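All values reported here derive from a predicted model rather than from experimental measurement.
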Amino acid sequence: MLSLFKARNLHLIASTAIHVEIIDEPVARESSEFERAVLFYDKHYDLIVNHILVPGKKVTLGDMTNRVCRFCSRTKPEVTFKKVAHAIAEGLGNKSLFSAYECDPCNEFFGSGIEDDLGKWSKPMRTLARISGKNGVPTLKKGGDLSWRIEYDRNTGFKIESFEHEPIFEIDEEHSQLKLKLRREAHVPLAVLKAFWKIAYTIMPEEELPNFQHLLRWIFQTPHLSVTDGNVLPVFYTFQPGPMPPDVIGVAILRRKPGLNGYPYAFLALRYGNETFQVLLPSAQHDVNGTSQPMARWQFPTLVDQKTYGTARHATLDWSSTAIAKGEAEFVVHANLIKSRDLRSEATE
């Protein structure tokens with residue numbers, strides 16, 4: 001009944017994990033896409049925050065000697081600051097960027113709320129991209145009679161088990177590919193969006209905070225009520241095939257240059273693993289004229305050879321829903337096969 005697959009080396013080459021949320025999916029084929037993006041943002045935006053996070057290099061934002069919570073404005077002794085506050089959720093692989101201005105009560109509120117939704121939404125991709133959180137690379141599993149399990153060990157690689165009455169993978173030995181069909185854990189899409197806004201509010205310069213007080217109110221709002229008045233706040237998504245490093249994170253905030261109209265005032269760009277998210281940061285003060293001009297996709301410098309692994313693929317996500325969601329996620333990975341066998345005969349011995 002049990003099928004087993006093992007692979008020492010595995011990297012993502014395709015994902016339809018976002019197919020239920022895609023508004024459009026233009027595919028980038030031109031080799032000059034990165035250059036065009038650089039020209040567009042150099043003309044229209046200023047880069048006001050930029051961090052490339054790598055292992056062994058730690059940065060703490062804020063003043064450790066004069067700690068005031070950026071989210072609730074409270075100080076000692078009303079609140080404590082004993083917990084390590086990650087500027088980007090640790091589950092996304094952040095071991096480098098921390099905050100001195102997030103108190104323990106706010107840290108607990110976010111960790112058990114919107115960051116938990118983000119963790120559930122992103123978990124399948126984080127496992128397959130080998131992104132290590134607080135407890136290592138997360139294991140994907142389903143218990144009971146219809147059980148299956150995907151786990152990663154840095155020494156032995158991936159181990160995938162599933163029963164024939166609910167197979168989760170198909171093997172294409174000719175092309176050394178594995179197709180996985182998984183499900184996300186229950187989450188609220190709007191809470192996932194709020195988790196990205198929380199990252200932006202954490203890392204943005206202090207002088208920008210007055211422009212985003214409505215974002216702060218939305219982040220804290222429970223239960224999650226619609227904040228878009230029926231409009232979609234698109235999240236621009238990019239998937240880069242190939243063996244992307246699991247421990248390198250890129251994060252930036254870009255702000256519209258003075259005197260320009262028709263473009264969003266600011267947005268957050270975050271890359272971890274194979275994925276990049278470009279999240280609009282609406283400003284009540286600076287987006288009053290709307291956003292009507294076409295936008296180029298923000299591009300971090302690529303970390304793999306696109307001639308070998310393929311160019312980036314794009315989609316637009318809609319995380320405006322306040323309803324609990326699950327949804328299927330399909331992934332195609334390239335794997336150096338170690339062992340694949342049907343264990344039905346072994347189970348009956």
Asker: Check whether any side-chain heavy atom of T276 sits under 4.5 Å from a side-chain heavy atom of L270, and report yes or no.
Answerer: no
Asker: Do the side chains of I199 and V59 join up, straight or via other hydrophobic residues, at under 4.5 Å, putting them in one cluster?
Answerer: yes
Asker: Mark yes or no for whether R70, through its side chain, and T202, through its backbone, hold a donor-acceptor pair below 3.5 Å.
Answerer: yes
Asker: Are D153 and K159 close enough that some pair of their side-chain heavy atoms sits under 4.5 Å apart?
Answerer: no
Asker: Would K181 and E330 pass as an ion pair if we require N to O under 4.0 Å?
Answerer: yes
Asker: Establish whether L61 and L53 are linked, either directly or via other cluster members, by ILVMFWY side-chain heavy-atom contacts under 4.5 Å.
Answerer: yes
Asker: Return the minimal non-hydrogen interatomic distance between P246 and I131, and the atom names on each side.
Answerer: O-CG1, 3.8 Å
Asker: Determine yes or no for a side-chain-to-main-chain donor-acceptor pair under 3.5 angstrom, with K194 supplying the side chain and Q221 the backbone.
Answerer: yes
Asker: Group every Ile, Leu, Val, Met, Phe, Trp and Tyr by side-chain heavy-atom contacts under 4.5 Å, then state whether L215 and I48 land in the same group.
Answerer: yes
Asker: Specify the closest pair of heavy atoms between P282 and L233, including all atoms of both residues, with the distance to one decimal.
Answerer: CG-CD1, 4.4 Å
Asker: Where do F277 and E275 come nearest, in terms of heavy atoms and distance?
Answerer: CE1-CB, 3.7 Å
Asker: What closest approach, in Å, do G93 and I249 show between heavy atoms, and which atom pair accounts for it?
Answerer: C-CD1, 3.7 Å
Asker: Looking at H187 and E185, would you say the former's side chain and the latter's main chain have a donor-acceptor pair under 3.5 Å?
Answerer: yes
Asker: Are the side chains of E90 and N94 in contact, using a 4.5 Å heavy-atom criterion?
Answerer: no
Asker: Are W218 and W197 side-chain neighbours, meaning at least one heavy-atom pair lies under 4.5 Å?
Answerer: yes
Asker: When you compare the side chain of L317 with that of P234, does any pair of heavy atoms fall below 4.5 Å?
Answerer: no
Asker: Side-chain contact, heavy-atom cut-off 4.5 Å: W298 with L254?
Answerer: yes
Asker: What do the steps show when you test D104 against K83 for salt bridge (Lys or Arg N to Asp or Glu O under 4.0 Å), and what is the final call?
Answerer: CA-CA 6 Å; D104 293 343; K83 295 182 180 295; 5.9 Å; no
Asker: Are F81 and F109 connected in a single hydrophobic cluster, I mean Ile/Leu/Val/Met/Phe/Trp/Tyr linked by side-chain heavy atoms less than 4.5 Å apart?
Answerer: no
Asker: Less than 4.5 Å apart, side chain to side chain, heavy atoms only: is that true for P105 and R74?
Answerer: yes
Asker: For the atom pair OH (Y237) and NE2 (H314), what is the distance rounded to the nearest 0.5 Å?
Answerer: 11.5 Å
Asker: Determine whether a donor-acceptor pair (N or O, by modelled atom type, separation under 3.5 Å) exists between the side chain of S96 and the backbone of V54.
Answerer: yes
Asker: Should the pair E115-K198 be classified as a salt bridge under the 4.0 Å nitrogen-to-oxygen rule?
Answerer: yes
Asker: Any idea how F220 and F110 line up, ring-wise: parallel (<30°), tilted (30 to 60°), or perpendicular (>60°)?
Answerer: tilted
Asker: Please check if the side chain of R126 supplies one atom and the backbone of G91 the other of a donor-acceptor pair under 3.5 Å.
Answerer: yes
Asker: Using the ring-ring contact (aromatic ring centres under 6.0 Å, His included) rule, pick out the option among F196, Y45, F212 that qualifies with F267.
Answerer: Y45
Asker: For a side chain to side chain contact (heavy atoms under 4.5 Å, CB included) check, start with the C-alpha distance between L180 and L178, then their side-chain angles and the critical distance, and finish with the verdict.
Answerer: CA-CA 6 Å; L180 293 157; L178 187 73; 4.2 Å; yes
Asker: Just how far is it from atom CG of L140 to atom CD1 of I168, taken to the nearest 0.5 Å?
Answerer: 8.0 Å
Asker: Step through the shown structure and confirm whether more than 12 heavy atoms of other residues, nucleotides or ligands are within 6.0 Å of CG on L39.
Answerer: yes
Asker: Any side-chain heavy-atom pair from F169 and K179 closer than 4.5 angstrom?
Answerer: no
Asker: Answer with yes or no whether the hydrophobic clustering places I52 together with V304; edges join I, L, V, M, F, W, Y residues whose side-chain heavy atoms lie under 4.5 Å apart.
Answerer: yes
Asker: Indicate yes or no for a side-chain donor-acceptor contact from H44 to the backbone of Y263 under 3.5 Å, with no hydrogens or angles considered.
Answerer: no
Asker: Are E78 and K76 ion-paired here, with the side-chain N under 4.0 Å from a carboxylate O?
Answerer: no
Asker: So which atom in L47 and which in A252 form the shortest heavy-atom distance, rounded to 0.1 Å?
Answerer: CD1-CB, 3.7 Å
Asker: Donor-acceptor check, side chain of T80 to backbone of K82, threshold 3.5 angstrom: yes or no?
Answerer: no
Asker: Whether the side chain of R256 engages the backbone of L260 through a donor-acceptor N/O pair (distance < 3.5 Å, no angle test) should be reported.
Answerer: yes
Asker: Answer yes or no: are there more than 12 heavy-atom neighbours, outside N135 itself, under 6.0 Å from its atom CG?
Answerer: no
Asker: Take F331 and M125 through the side chain to side chain contact (heavy atoms under 4.5 Å, CB included) test and state the conclusion after the steps.
Answerer: CA-CA 8 Å; F331 305 88; M125 185 69 84; 3.6 Å; yes
Asker: Any chance the side chains of Q213 and Y201 put a donor and an acceptor closer than 3.5 Å?
Answerer: yes
Asker: Could you tell me whether R67 and D63 have a side-chain N and a carboxylate O separated by less than 4.0 Å?
Answerer: no
Asker: Is atom CD of E206 surrounded by more than 12 heavy atoms (other residues, nucleotides or ligands) closer than 6.0 Å?
Answerer: no
Asker: Can a donor-acceptor pair be found, under 3.5 Å and without considering hydrogens, that links the side chain of T127 to the backbone of P138?
Answerer: yes
Asker: Ignoring hydrogens and geometry beyond distance, is a side-chain donor-acceptor pair present between T322 and H224 at under 3.5 Å?
Answerer: no
Asker: Mind checking the CZ-CZ spacing from F300 to R271? Nearest 0.5 Å is all I need.
Answerer: 6.5 Å
Asker: Between F158 and Y152, what is the ring plane arrangement, given parallel below 30°, perpendicular above 60°, and tilted in between?
Answerer: tilted
Asker: Can a donor-acceptor pair be found, under 3.5 Å and without considering hydrogens, that links the side chain of D287 to the backbone of S283?
Answerer: yes
Asker: Any side-chain donor paired with an acceptor under 3.5 Å for N274 and Q240?
Answerer: no
Asker: Report the relative orientation of the aromatic rings in W121 and W319; use parallel for angles under 30°, tilted for 30 to 60°, perpendicular for over 60°.
Answerer: perpendicular
Asker: What's the separation between atom CD1 in I203 and atom CG in L97, rounded to the nearest 0.5 Å?
Answerer: 7.0 Å
Asker: Taking all non-hydrogen atoms of both residues, which atom of K95 and which atom of F98 are closest, and how far apart?
Answerer: O-CZ, 3.4 Å
Asker: Could you check whether atom NZ of K57 has more than 12 heavy atoms from other residues, nucleotides or ligands sitting under 6.0 Å from it?
Answerer: no
